[in-house]
Participant: 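Structure incoming, see below.
Counting convention: from 1, in listed order, for ligands and their atoms alike.
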Amino acid sequence: MLRREEIEELRSIVGAEWVSTGDSVRKLHSRDESFHESVLPDVVVWPHSTEEVSRLLKWAYRRKIPITPWGAGTSLEGNPIPVRGGMVISLQEMNRILAIRQEDFQVDVQAGINYKELNRQLSRYGLFFPPDPGADATIGGMIGNNASGIRTVKYGATKDYVMRLVVVLPDGEIIQTGTRARKSSSGYDLCRLFTGSEGTLGIITEATLRLVGLPANFMALRATFPTLRAATDTVFQIMSSGLTPSAMEFLDEEVVRVINIDRGLSLQENPTLLMEFDGFSKKGLQEEIAFVEEICRGNGCSSLDKGIGPEERNRLWEIRHLTFESIKRCHPGLSPLIVDVAVPLSRYSDMVAFIKQAVADLNAYIFGHAGDGNIHVVIMDDPGDERRWEQVQRANEKIVLKALELEGTCTGEHGVGIGKRGFLPREHGKSLKLMKRIKELLDPEGLMNPEKIFL
Ligand SMILES: Cc1cc2nc3c(=O)[nH]c(=O)nc-3n(C[C@H](O)[C@H](O)[C@H](O)COP(=O)(O)OP(=O)(O)OC[C@H]3O[C@@H](n4cnc5c(N)ncnc54)[C@H](O)[C@@H]3O)c2cc1C
């Protein structure tokens, strides 16, 4: 535990009201949205500027106090759990837009801004930041985990939007990486190094993000299929035909079933694809949709509902946004283990078929960002029941190993955190050594978000 004088020193850096050792605050910053065990930090602080973050890190570095950066705590792999106690630095008070550069399609933000709020403000300028993880995440947390989401299939992941970062290194030094130029081949790409580093290399305080113009027209489709393979083969055929959906999500029949129960709906309980297309002209969209319909029908699609415009899109897509909450509500008292893997698109059908078998005896729900080859499985069970939970963990391991065998990855978007550390040697081989050396170079004392990414 930190001593009273140390807490006073922290108060002198950020102001008394922005330092808390209260039980409820520490508890709120002791866990993310995963099942991983919570650990209380000694203290939580809310800086308001890069300089304050720098002073905090210098202070902690001298005293060898572990630091965990905190965005909104919505991670799913234990990424922001302060496993060695110490200080949680929450970026939530650094939540301002610093400049909107409409003509350059760029925005400068502080890292604690929520991406939904950012997009709300950008919409007035006809612009948006496409990565969309669904949860109430901050830009800093999204960069930390290299988050993606339903629009990644067309627009890419967070890494594709980071142009420039202000980062405070573990010893308190402030650096800037990247440039505002649309392209650059100047030296190592340090923006990419910090993106996905899960707070293990430093604290991101500001970012310049690339933006995209809001599309003029939307068209959405919901299609159901008689078998799992018919649905997943459709994904591959659409993606390999050169069509560019702006979203392409898969739900298995179990997911549709819990949504029906939870929401009192009567949707066909079959493997389902949700798709969205966007573009300049309605005519162009209609042509694309006609082609999609042809592919769906060719795979025996049993129902197809479609609509134009944002209201129709919301109607058809409502069920996707309810997925996680509906699953949890249908299993009161149980906890979720969320598997997150991604494979090459040509292996998507095989991967989903494998998962279906691997989780046959469990309360399991398969869905995901199909157009990216990304699959999630939510398995609901009781971590207190050792025998059952071991079975859940075994299924997780089997699925991840299969994804690696199919030349995929152990995590498509949730990051490594605590949960995926054991799979990194197999996925990265000798490159893992280089990653460890980079970590040692930047954080020789091992203070930044300790025990994450590496075992
Ligand atoms: C219902 C639900 C659905 C989700 N769906 C998706 C999805 O579709 N796609 C997806 O990618 N994720 C998804 N997630 C996971 C999660 O929302 C994302 O990973 C998100 O980016 C985390 O953001 P956060 O602000 O909550 O960060 P946190 O959880 O607070 O932190 C994330 C990591 O980044 C570090 N960090 C935070 N801020 C900074 C900073 N300023 N500088 C350096 N490091 C920092 C933390 O230490 C931690 O390691 C989902 C989560 C939930 C609960």
Side-chain angles (χ1 to χ4, degrees), residues 28-29 31-36 41 44 47 50 53 57 66-83 87-95 109-118 130-153 156-159 162 165-170 193-207 247 249 320-328 336 338 340 342 367-369 372 374-376 378 411-419 443 448-453:
L28 272 174
H29 296 83
R31 52 162 304 177
D32 60 3
E33 296 284 334
S34 69
F35 68 91
H36 291 288
V44 181
T50 300
V53 173
L57 292 198
I67 300 288
T68 307
W70 187 275
T74 67
S75 287
L76 295 169
E77 286 293 354
N79 324 49
I81 297 178
V83 289
M87 176 160 45
V88 161
I89 298 186
S90 167
L91 276 291
Q92 285 196 333
E93 289 298 314
M94 293 182 63
N95 57 8
V109 293
Q110 288 185 312
I113 192 167
N114 176 303
Y115 81 99
K116 290 182 185 170
E117 173 58 19
L118 173 64
D132 176 5
D136 273 332
T138 61
I139 291 296
M142 289 177 68
I143 297 173
N145 286 350
N146 185 22
S148 48
I150 58 173
R151 299 215 159 65
T152 294
V153 59
T158 302
K159 68 178 165 49
V162 175
L165 293 175
V166 175
V167 184
V168 184
L169 297 178
L193 174 65
F194 285 101
T195 306
S197 63
E198 301 185 26
T200 60
L201 300 179
I203 298 192
I204 296 152
T205 57
E206 291 177 21
E249 299 283 301
R320 176 61 180 92
H321 298 302
L322 307 174
T323 307
F324 190 47
E325 288 311 312
S326 291
I327 294 171
K328 283 203 293 191
I338 305 175
D340 161 44
F367 58 96
H369 312 306
D372 303 324
N374 191 188
I375 310 153
H376 297 317
V378 175
T411 167
E413 56 184 20
H414 296 166
V416 179
I418 297 169
D443 183 19
M448 287 301 303
N449 204 5
E451 296 178 36
K452 306 297 163 55
I453 302 185

Participant: Go through the structure and list residues passing side-chain hydrogen bond (donor to acceptor under 3.5 Å, both in side chains) with Ser148, not counting sequence neighbours.
Facilitator: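 So Ser148 forms a side-chain hydrogen bond (donor to acceptor under 3.5 Å, both in side chains) with Glu413.
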Participant: Looking only at heavy atoms, which two atoms of Val53 and Pro47 are closest? And how far apart?
Facilitator: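 Between these two residues, the closest heavy atoms are CG2-CG, 3.6 Å.
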Participant: Do ligand 1 and Gly73 have nitrogen or oxygen atoms that lie under 3.5 Å from each other?
Facilitator: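 So ligand 1 has an N or O lying under 3.5 Å from an N or O of Gly73.
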Participant: Does any N/O atom on Trp70 come nearer than 3.5 Å to any N/O atom on ligand 1?
Facilitator: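 No; every N/O pair is 3.5 Å or more apart.
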Participant: Between Leu76 and ligand 1, find which residue part has any heavy-atom pair under 4.0 Å and reply side chain, backbone, both or neither.
Facilitator: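 Side chain only.
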Participant: Note the single closest protein heavy atom to atom 52 (C) of ligand 1, along with its residue, its atom name and the distance in Å.
Facilitator: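 Answer, as residue, atom name and distance: Ala135 CB, 3.6 Å.
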Participant: Without hydrogens or angle criteria, can the side chains of Asn374 and Asp340 be said to hold a donor-acceptor pair below 3.5 Å?
Facilitator: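 Yes - a donor-acceptor pair under 3.5 Å links their side chains.
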Participant: Looking only at protein heavy atoms, which one is nearest to atom 11 (O) of ligand 1, and how far off is it?
Facilitator: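 Answer, as residue, atom name and distance: Ser148 N, 2.9 Å.
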Participant: Counting heavy atoms only, which of Gly199, Pro82, Gly134, Gly415 comes nearest to atom 44 (N) of ligand 1?
Facilitator: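 Closest candidate by heavy-atom distance is Gly199.
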Participant: For ligand 1, which atoms, with element, lie under 4.0 Å from some heavy atom of His369?
Facilitator: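 Every atom of ligand 1 under 4.0 Å from some heavy atom of His369: 8 (O).
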Participant: What are the atoms of ligand 1, with element, lying closer than 4.0 Å to any heavy atom of Asn449?
Facilitator: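 Those qualifying, in numeric order: 47 (O), 49 (O).
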Participant: Does an N or O from Glu413, backbone or side chain, lie closer than 3.5 Å to an N or O of ligand 1?
Facilitator: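 Right, the criterion is met.
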Participant: Using a strict 4.0 Å cut-off to heavy atoms of Gly202, name the atoms of ligand 1 that fall inside it.
Facilitator: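 Counting atoms of ligand 1 from 1, those under 4.0 Å from Gly202 are 43 (C).
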Participant: How far is atom 41 (N) of ligand 1 from the closest protein heavy atom, and which atom is that?
Facilitator: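 Checked against all protein heavy atoms, atom 41 (N) of ligand 1 sits closest to Ile204 O, 2.9 Å.
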Participant: In the protein, which heavy atom is nearest to atom 20 (C) of ligand 1, and how far is it?
Facilitator: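 Going by distance alone, atom 20 (C) of ligand 1 is nearest to Ala137 CB, 3.6 Å.
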Participant: If you compare all heavy atoms of Val83 against all heavy atoms of Pro450, which two are closest, and at what distance to 0.1 Å?
Facilitator: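 The answer is CG2-O, 3.3 Å.
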Participant: If the cut-off is 4.0 Å to any non-hydrogen atom of Ala147, which atoms of ligand 1 fall inside it?
Facilitator: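 The atoms of ligand 1 under 4.0 Å from a heavy atom of Ala147 are 11 (O), 21 (O).
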Participant: Within the 4.0 Å heavy-atom shell around Glu198, which atoms of ligand 1 are there?
Facilitator: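 What qualifies from ligand 1 is 35 (C), 47 (O), 49 (O).
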Participant: In terms of residue, atom name and distance, what is the protein heavy atom nearest to atom 1 (C) of ligand 1?
Facilitator: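 Among all protein heavy atoms, the one nearest atom 1 (C) of ligand 1 is Phe324 CD2, 3.3 Å.
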Participant: side-chain contact (heavy atoms from CB on, under 4.5 Å), that's the test. Do Val153 and Arg151 meet it? Break it down for me.
Facilitator: CA-CA 5 Å; Val153 59; Arg151 299 215 159 65; over 6 Å; no
Participant: How far is atom 29 (O) of ligand 1 from its nearest protein heavy atom, and which residue and atom name does that atom have?
Facilitator: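 Answer, as residue, atom name and distance: Ser75 OG, 2.6 Å.
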Participant: Would you indicate whether the side-chain heavy atoms of Lys328 and Val378 approach each other to under 4.5 Å?
Facilitator: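 Not in contact.
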Participant: Check whether any N or O atom of Asn79, backbone or side chain, sits under 3.5 Å from an N or O atom of ligand 1, and answer yes or no.
Facilitator: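 Yes, since at least one N or O of Asn79 sits under 3.5 Å from an N or O of ligand 1.
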Participant: How far is atom 33 (C) of ligand 1 from its nearest protein heavy atom, and which residue and atom is that?
Facilitator: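 Looking only at protein heavy atoms, the one closest to atom 33 (C) of ligand 1 is Asn145 OD1, 3.2 Å.
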Participant: Need the ligand 1 atom indices (1-based, order shown) with element for anything under 4.0 Å from a heavy-atom of Glu33.
Facilitator: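 Numbered from 1, ligand 1 contributes 53 (C).
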Participant: Give a yes or no answer on whether the side chain of Thr158 reaches the backbone of Ala147 with a donor-acceptor pair at less than 3.5 Å.
Facilitator: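 Yes, the answer is positive, given that a donor and an acceptor are paired below the 3.5 Å cut-off.
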Participant: Is it the side chain, the backbone, both or neither of Lys452 that has a heavy atom closer than 4.0 Å to ligand 1?
Facilitator: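 It is neither; nothing of Lys452 touches ligand 1.
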Participant: Side chains of Asp32 and Thr74: donor-acceptor distance under 3.5 Å anywhere?
Facilitator: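 No, Thr74 and Asp32 have no side-chain donor paired with an acceptor closer than 3.5 Å.
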Participant: Indicate the ring-plane relationship of His376 and His414, choosing parallel, tilted or perpendicular according to the 30° and 60° boundaries.
Facilitator: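 Correct class here is parallel.
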Participant: Tell me which one of Pro133, Ser197, Ala72 gets a heavy atom nearest to atom 4 (C) of ligand 1.
Facilitator: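 Going through Pro133, Ser197, Ala72 one by one, Pro133 has the nearest heavy atom to atom 4 (C) of ligand 1.
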Participant: Checking contacts here: is it the side chain or the backbone of His414 that comes within 4.0 Å of ligand 1, counting heavy atoms only? Could be both or neither.
Facilitator: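 Side chain only.
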Participant: Please find the pair of heavy atoms, one from Ile204 and one from Phe194, that lie closest to each other, and give the distance.
Facilitator: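 Closest heavy-atom pair between Ile204 and Phe194: CD1-O, 4.3 Å.
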Participant: Provide the number and element of each atom of ligand 1 under 4.0 Å from a heavy atom of Leu91.
Facilitator: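 Numbered from 1, ligand 1 contributes 41 (N).
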Participant: Heavy atoms only: which of Gly417, Gly140, Gly368 is nearest to atom 39 (C) of ligand 1?
Facilitator: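 Residue with the shortest heavy-atom distance to the ligand atom: Gly140.
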Participant: In sequence, state the C-alpha distance, the side-chain angles, and the governing distance for Thr411 and Glu77, and then conclude on side-chain contact (heavy atoms from CB on, under 4.5 Å).
Facilitator: CA-CA 10 Å; Thr411 167; Glu77 286 293 354; 5.6 Å; no
Participant: Locate the shortest heavy-atom distance separating Met448 from Pro170; write the atom from each residue and the value.
Facilitator: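 Answer, listing the atom of Met448 first, then Pro170: CG-CG, 3.4 Å.
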Participant: I would like to know whether Glu249 and His369 meet side-chain contact (heavy atoms from CB on, under 4.5 Å); could you show each step before the answer?
Facilitator: CA-CA 5 Å; Glu249 299 283 301; His369 312 306; 2.6 Å; yes
Participant: Test side-chain contact (heavy atoms from CB on, under 4.5 Å) on Asn79 and Val416; report intermediate values, then the result.
Facilitator: CA-CA 7 Å; Asn79 324 49; Val416 179; over 6 Å; no
Participant: Would you mind checking which non-hydrogen protein atom is closest to atom 22 (C) of ligand 1, with the distance to 0.1 Å?
Facilitator: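 Looking only at protein heavy atoms, the one closest to atom 22 (C) of ligand 1 is Thr74 OG1, 3.3 Å.
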Participant: Hey, are the side chains of Thr138 and Ile113 touching, using non-hydrogen atoms and a 4.5 Å cut-off?
Facilitator: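 Side chain of Thr138 against side chain of Ile113, heavy atoms only: no contact under 4.5 Å found.
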Participant: Any heavy atom of Glu325 sitting closer than 4.0 Å to ligand 1?
Facilitator: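 No, Glu325 has no heavy atoms under 4.0 Å from ligand 1.
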Participant: Checking contacts here: is it the side chain or the backbone of Pro69 that comes within 4.0 Å of ligand 1, counting heavy atoms only? Could be both or neither.
Facilitator: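 The answer is both, backbone and side chain.
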Participant: Under 4.0 Å from a heavy atom of Gly144: which atoms of ligand 1 are those, numbered in the order shown and with their elements?
Facilitator: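 Answer, ordered by atom number: 34 (O).
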Participant: Val88 and side-chain contact (heavy atoms from CB on, under 4.5 Å): which partner among Pro80, Pro82, Pro66?
Facilitator: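 Going through the options one by one, the only one that passes is Pro82.
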